[in-house]
Amino acid sequence: MGKRYHVTTFGCQMNVHDSERMRGMLESLGYEEASSRDGADLILFNTCSIRESADNRFVAHLGEAKRLKSEHPDRVVGVGGCWAQSVKDEVFQRFPFVDVAFGPGQIHKLAEFLNSDSLSAQGYFEFEDFSASLPTLRVREFQGWLQVSQGCNCKCSYCIVPSTRGREVSRDPAQLVAEAEALAADGVREVTLLGQNVNSYGRDLPKETRIGFSGLLGRIDAIDGIDRIRYTSPHPKDMKEDVIRAHAELPALCEHIHLPLQSGSSAVLKRMRRTYDRQRYMDRVSLIREHVPDCAITTDIIVGFPGETEADFEQTLEVVDEVGYDGAFTFVFSPRRETEAAELGEQVPHPIKVERMERLVELVQARAAEQAQRFVGREIEVLVEGTSRTDETRLRGRTRHNKAVNFDGEAEPGEFVNVEISVATSQTLSGVAAKPLSRLL
Ligand code: SAH
Ligand code: SF4
Ligand code: F3S
């Protein structure tokens, strides 16, 4: 029997996509996927280091890999991703049972390692061009990722990503269009463009091939078979009018914009080095509301950034109230190694962080629930993803606004159905599939 692998993925969509590429690469080497770690010859972790909790979660899993390795010493344990990059060769000192470690830009080196004679502690941490040639094994046939750039040139003072993913490099537009065409030909109906700062795409391209982010969106929209386009994450500073208008003009581009706020206080934003203030952020929101009135807006917010006062925090609450987000990811500030914010004095005491988080989540959910009522009574297009997580007799999918919907009806994953929405909460919608016309006749 061939060798088996098992991958555990932590972190953001970029890691999900990188894991798909690892799986594709391993299958092309003749490996098969094992359903659990104890059935695997190769145990892989694709790690994240964005917050301390991400580190801890992963280290807890590593314990099991250590035990499995001691039972079968010829098992190979590999650690890839941002955590590996941020600690580099220290991995082998701290966890001597790890055989191979590699950063996010070095996935292809895993193949080199597996084909080499000596399977002893080996680390790969260079920043190289995106290795586009890797095959991918998608989680869902009808949904695909398209990584438009790698790295990040921003200097957000709390963030570890620039040190784990390197400088920003945009990929060639012709290569991206070809990749999107290949995805469409392979059955992908919804494509999500990925970048740490996805809308700064193109600035570093040579003049002859340079197009901006809205230009790229237009090229992807023109591809037959791609019915939905999403992207994540844009930076408010680069959210220009052409990109916002594209949401109104391009049929495939979904009515959803994730616009990370981080804080509603201009003083905090300045110390975060976000390069916009509260007013400029709100101007972006107004522009979105003007061009795409029904657009869903979601965000990321950090509470308890060093020096955040009660008054600063209340400004965050004000913005949340004013914007009326359809949803928000909320994070307690976590000091990260070698970031500027970790060195700032005035760390906010933990109980205050927790108390602010509770108030924030309450407001976010209340406003999201209110916003969601606009969908009740509407018939909305849903891309079916599978059965409902809470009720096996129902189906689950997503709207163009990126709302999860649980509904009654019959459809296969990957199909589009119209659903009449009857109930809306802050998180999900619920309804019944509308009868297709043919069945009524
Ligand atoms: N490049 C993307 C994603 C960054 S990570 C962007 O800029 O939007 C996703 C979110 O994690 C960030 O938006 C931020 O809200 C949060 N985050 C990043 N570093 C953090 C830290 N040190 N502590 C708490 N939250 C953090
Ligand atoms: Fe981190 Fe800021 Fe870059 Fe996002 S834009 S990855 S938060 S440095
Ligand atoms: Fe985590 Fe790296 Fe993504 S730190 S959030 S996996 S870019």
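Remember, it's 1-based here, ligands and their atoms both numbered in the order they're listed.
Residue, atom and distance of the protein heavy atom nearest to atom 1 (Fe) of ligand 3 are Cys48 SG, 2.4 Å. Atom 5 (S) of ligand 1 has its closest protein heavy atom at Ile50 CD1, 3.5 Å. Scanning the protein for heavy atoms near atom 1 (N) of ligand 1, the closest one is Gln196 O, 2.7 Å. Of the protein's non-hydrogen atoms, the one nearest atom 7 (S) of ligand 2 is Tyr158 OH, 3.4 Å. When hydrogens are left out, the protein atom nearest atom 3 (Fe) of ligand 3 is Cys12 SG, 2.3 Å; that is the closest non-hydrogen contact. The protein atom (non-hydrogen) at minimum distance from atom 10 (C) of ligand 1 is Asp300 OD2, 3.4 Å. Closest to atom 19 (N) of ligand 1, if we only count protein heavy atoms, is Tyr158 CD1, 3.3 Å.
In this structure a side-chain-to-backbone donor-acceptor pair under 3.5 Å is missing from Thr209 to Leu205. For Asp312 (side chain) and Ser265 (main-chain N/O), no donor-acceptor pair under 3.5 Å exists by modelled atom type. Side chain of Arg75 to main chain of Ala40: a donor-acceptor pair is present (N/O by atom type, distance under 3.5 Å, no hydrogens or angles). With Arg138 contributing its side chain and Glu141 its backbone, the two residues share a donor-acceptor pair below 3.5 Å. Side-chain N or O atoms of Arg67 include none that pairs as donor or acceptor with a backbone N or O of Glu64 at under 3.5 Å.
Closest of all the heavy-atom pairs between Asp204 and Ser170 is OD1-OG, 2.5 Å. When every heavy atom of His235 is checked against every heavy atom of Asn199, the shortest pair comes out as N-OD1, 2.9 Å.
Annotation for ligand 1: atoms under 4.0 Å from non-hydrogen atoms of Phe333 are 23 (N), 24 (C). For ligand 3, the atoms closer than 4.0 angstrom to any heavy atom of Gln196 are 7 (S). With ligand atoms numbered from 1 in the order given, ligand 1 contributes 2 (C), 6 (C), 8 (O) to contacts under 4.0 Å with heavy atoms of Ser233. Taking a cut-off of under 4.0 Å to the non-hydrogen atoms of Val332, the atoms of ligand 1 that pass are 23 (N), 24 (C). The distance from ligand 3 to the heavy atoms of Asn15 drops below 4.0 Å at these ligand atoms: 6 (S). Distances below 4.0 Å separate heavy atoms of Arg51 from the following atoms of ligand 1: 11 (O), 16 (C), 17 (N), 23 (N), 24 (C), 25 (N), 26 (C). Each of the following atoms of ligand 3 lies closer than 4.0 Å to a heavy atom of Cys82: 2 (Fe), 4 (S), 6 (S), 7 (S).
Taking the six-membered ring for Trp and the full ring otherwise, Tyr231 and His247 have centroids separated by under 6.0 Å.
With a heavy-atom cut-off of 4.0 Å, Arg336 touches ligand 1 through its side chain alone. Proximity of Gln262 to ligand 1, defined as any heavy-atom pair under 4.0 Å, is confined to the side chain (atoms from C-beta onward). At a 4.0 Å heavy-atom cut-off, ligand 1 touches Phe331 through the side chain alone. Residue contacts with ligand 1, taken as heavy atom pairs separated by less than 4.0 Å, involve Ser334 via backbone and side-chain atoms alike. The residue Val161 has no part lying near ligand 1, judged by heavy-atom distances below 4.0 Å.
Counting only protein N, O or S atoms, the number found under 2.8 Å from atom 2 (Fe) of ligand 2 is 1.
Residue Gln93 qualifies as enclosed at atom CD: its count of foreign heavy atoms under 6.0 Å is above 12. Within 6.0 Å of CZ in Arg273 there are 12 or fewer heavy atoms belonging to other residues, nucleotides or ligands.
Distances from ligand 3 to the non-hydrogen atoms of Met14 include no value under 4.0 Å. Assignment of Gln13 to the shell around ligand 3 is not supported, since no heavy atom sits closer than 4.0 Å. Residue-ligand proximity: Ser49 is placed with a non-hydrogen atom under 4.0 Å from ligand 3.
Taking the six-membered ring where tryptophan is involved, the planes of Phe95 and Phe58 are perpendicular, since the angle between them exceeds 60° and thus also 30°.
Electrostatic pairing of Asp227 and Arg189 counts as a salt bridge here, judged by a charged N lying under 4.0 Å from a carboxylate O. Between Glu32 and Lys3 there is no salt bridge, since no side-chain nitrogen of the basic residue lies less than 4.0 Å from a carboxylate oxygen of the acidic one.
Under the 3.5 Å distance criterion, with hydrogens and angles disregarded, a donor-acceptor pair is assigned to the side chains of His401 and Asp294. Inspection of the Ser49 and Asp55 side chains reveals an N or O donor paired with an N or O acceptor under 3.5 Å.
With contacts defined as side-chain heavy-atom distances shorter than 4.5 Å, the pair Leu68/Arg37 qualifies.
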In residues 148-155, what donor-acceptor pairs under 3.5 Å come from side-chain atoms, sequence neighbours left out?
residue	atom	partner	partner atom	Å
Gln150	NE2	Glu128	O	2.9
Asn153	OD1	Glu168	N	2.8

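In terms of polar-atom proximity, defined here as any N/O pair under 3.5 Å, Asn197 makes no such contact with ligand 1.
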